Amino acid sequence: MSLPLVVEPADLARVDPSTYALLDATWIYRDPTRSARAEFAARHLPGARFWSLDDVSEPDARGFVLMLPSPARFAAYASERGIGPDTHVVVYDTQGAFAAPRTVFTFLAYGHQHVSMLNGGLHAAIAEGFRAVSGEPEPARPAPYPAPTLRDGFIVPFDRVAELAAKQSEAEIVIDARGREVWNDGHIPLSCNVPWQELVVAASSDRGYIVLPSREQVHARLRQALGEHRAKQVAEGRLKVVNTRDGIHSELYDESWSGYSRRPEAVIEKAT
């Protein structure tokens with residue numbers, strides 16, 4: 001059984017675990033009392049290995065965080081976890097769909113075609129009957145992973161974002177997926193706010209963990225934010241989305257708002 005990009009726990013349960021590598025890519029946002037690595041040791045899915053976004057991200061002299069790793073850094077980190085170019089990788093996190101999409105995006109950006117995200121993550125899997133284990137896994141046997149090439153159409157540089165902030169484009173649009181209040185306090189000019197939290201809350205309902213929204217839910221939210229015409233352009237692939245967060249099929253501005261706002265040449269707009 002081949003695995004889709006987003007796989008449901010019930011479907012993964014029918015697949016031989018020896019045919020894929022499982023990664024726990026949990027990352028905890030602004031909570032110094034918690035450690036993703038310690039929580040992995042306390043509870044994770046059998047066979048999973050920990051994928052640290054902090055460790056794999058490329059160090060940046062300007063202080064920008066969670067930057068895409070260099071090809072060599074990505075390849076070495078994957079190799080240390082027993083992953084080769086042909087390994088099918090299944091990624092999950094403990095929140096459900098918070099940090100895992102970023103890791104999936106990284107694999108795809110470097111041309112790793114065999115990658116899936118477990119929708120709903122650890123808690124959805126346990127609810128479906130997967131068992132959880134504790135302790136550190138045995139060290140993986142390193143797998144050869146040549147340094148890959150970054151694919152076109154995945155990362156957008158600051159210069160292009162600055163151009164889109166200066167003049168509206170009929171071919172591209174910047175979507176900022178931060179919360180509405182922080183967007184109001186400062187954002188890239190001509191960007192459109194589509195809060196990620198609103199999408200996943202609508203999709204997750206009362207589950208207690210995050211799941212990805214359906215295509216219909218995403219398109220409905222885009223129609224609200226962009227209007228019918230531009231939302232239809234996005235849906236049909238005629239309007240390219242430059243996204244400052246993961247979550248919508250798009251090109252990614254990797255520096256995100258934290259990087260953009262630190263640049264002295266960046267133009268910042270506030271909601272009136």
Side-chain angles (χ1 to χ4, degrees), residues 1-9 11-12 15-27 36 40 44-60 65-122 125 137 139-157 212 237 240-243 245-256:
M1 178 180 180
S2 61
L3 294 174
L5 180 61
V6 178
V7 61
E8 300 299 328
D11 294 327
L12 187 65
V15 179
D16 182 352
S18 69
T19 62
Y20 60 85
L22 196 58
L23 296 179
D24 183 326
T26 299
W27 183 76
F40 169 81
H44 57 268
L45 295 180
R49 300 191 181 280
F50 186 65
W51 182 276
S52 169
L53 282 181
D54 290 318
D55 291 346
V56 73
S57 296
E58 193 70 20
D60 188 276
V65 298
L66 299 185
M67 298 294 288
L68 191 77
S70 67
R73 189 180 188 88
F74 168 78
Y77 203 75
S79 172
E80 290 169 1
R81 279 142 191 83
I83 296 169
D86 296 324
T87 304
H88 196 114
V89 178
V90 177
V91 188
Y92 75 90
D93 59 41
T94 58
Q95 299 96 328
F98 183 69
R102 172 70 192 208
T103 297
V104 170
F105 176 90
T106 301
F107 274 90
L108 291 173
Y110 278 126
H112 193 109
Q113 297 297 316
H114 306 296
V115 61
S116 303
M117 193 204 84
L118 180 60
N119 200 19
L122 176 68
R141 177 180 295 179
Y145 203 125
T149 300
L150 180 64
R151 295 169 63 191
D152 292 336
F154 274 77
I155 300 295
V156 176
L212 290 182
K240 185 194 301 180
V241 174
V242 177
N243 194 5
R245 279 279 189 93
D246 301 349
I248 299 172
H249 182 68
S250 60
E251 294 186 348
L252 181 72
Y253 173 45
D254 196 32
E255 295 177 3
S256 195

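Treat the numbers as computed from the prediction; the structure is a model and nothing was measured. Position 1 is the first residue of the sequence, and the numbers go up from there.
- Taking CE of Met117 as the start and CG of Leu212 as the end, the distance is 4.0 Å to the nearest 0.5 Å.
- Counting only residues at least two apart or on different chains, the side chain to side chain donor-acceptor pair (under 3.5 Å) pairs with a member in residues 106-115 are His112-Tyr145.
- Panel note: side chain Arg81, backbone Ala140; no donor-acceptor pair is recorded below 3.5 Å.
- The CG atom of Leu45 sits 8.5 Å away from atom CG of Leu12, with the distance rounded to the nearest 0.5 Å.
- Closest approach of Phe154 to Phe105, counting heavy atoms only: O-CZ, 3.4 Å.
- Under the salt bridge (Lys or Arg N to Asp or Glu O under 4.0 Å) criterion, Asp54 pairs with no residue at all, not counting sequence neighbours.
- Shortest non-hydrogen contact noted between Ala48 and Pro137 is O-CG, 3.7 Å.
- What you find for Tyr253 and Val156 is that their closest heavy atoms are CD1-O, 3.5 Å.
- No cation-pi contact links Arg73 to Tyr77, judged by a cut-off of 6.0 Å to the six-membered ring centre and 45° from its axis.
- How far CG of Leu3 is from CD of Glu8: 12.0 Å, rounded to the nearest 0.5 Å.
- Under a 3.5 Å cut-off, the side chain of Glu58 and the backbone N or O of Leu68 do not form any donor-acceptor pair.
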If you apply the rule side-chain contact (heavy atoms from CB on, under 4.5 Å), what do you find for Leu108 with Leu5, and how did you get there? CA-CA 10 Å; Leu108 291 173; Leu5 180 61; 4.0 Å; yes
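- With sequence neighbours left out, Arg49 forms a side chain to side chain donor-acceptor pair (under 3.5 Å) with no residue at all.
- To the nearest 0.5 Å, the span separating CD1 on Ile155 from CG on Leu252 amounts to 4.5 Å.
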Which atom pairs, one a donor and one an acceptor, fall under 3.5 Å between side chains of residues 82-91 and the rest of the protein, sequence neighbours left out?
residue	atom	partner	partner atom	Å
Thr87	OG1	Gly84	N	2.9
Thr87	OG1	Gly84	O	3.4
His88	NE2	Ser116	OG	2.8

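- Under a 4.0 Å N-O distance rule, the pair Arg102/Asp254 qualifies as a salt bridge.
- Counting only heavy atoms from C-beta outward, the side chains of Pro4 and Asp11 never approach each other to under 4.5 Å.
- The nearest pair of heavy atoms linking Pro9 to Asn119 is CD-O, 3.5 Å.
- Each side chain to side chain donor-acceptor pair (under 3.5 Å) pair with one or both residues in residues 15-25, not counting sequence neighbours, appears once here: Asp16-Ser18, Asp24-Thr26, Asp24-Tyr92.
- Aromatic ring orientation, Phe74 versus Phe107: perpendicular (interplanar angle above 60°, classes split at 30° and 60°).
- Partners of Pro46 by side-chain contact (heavy atoms from CB on, under 4.5 Å), not counting sequence neighbours, listed by chain and number: Arg131, Val133.
- Of the possible donor and acceptor atoms, none in the side chain of Ser79 sits under 3.5 Å from a partner among the backbone N and O of Ala75.
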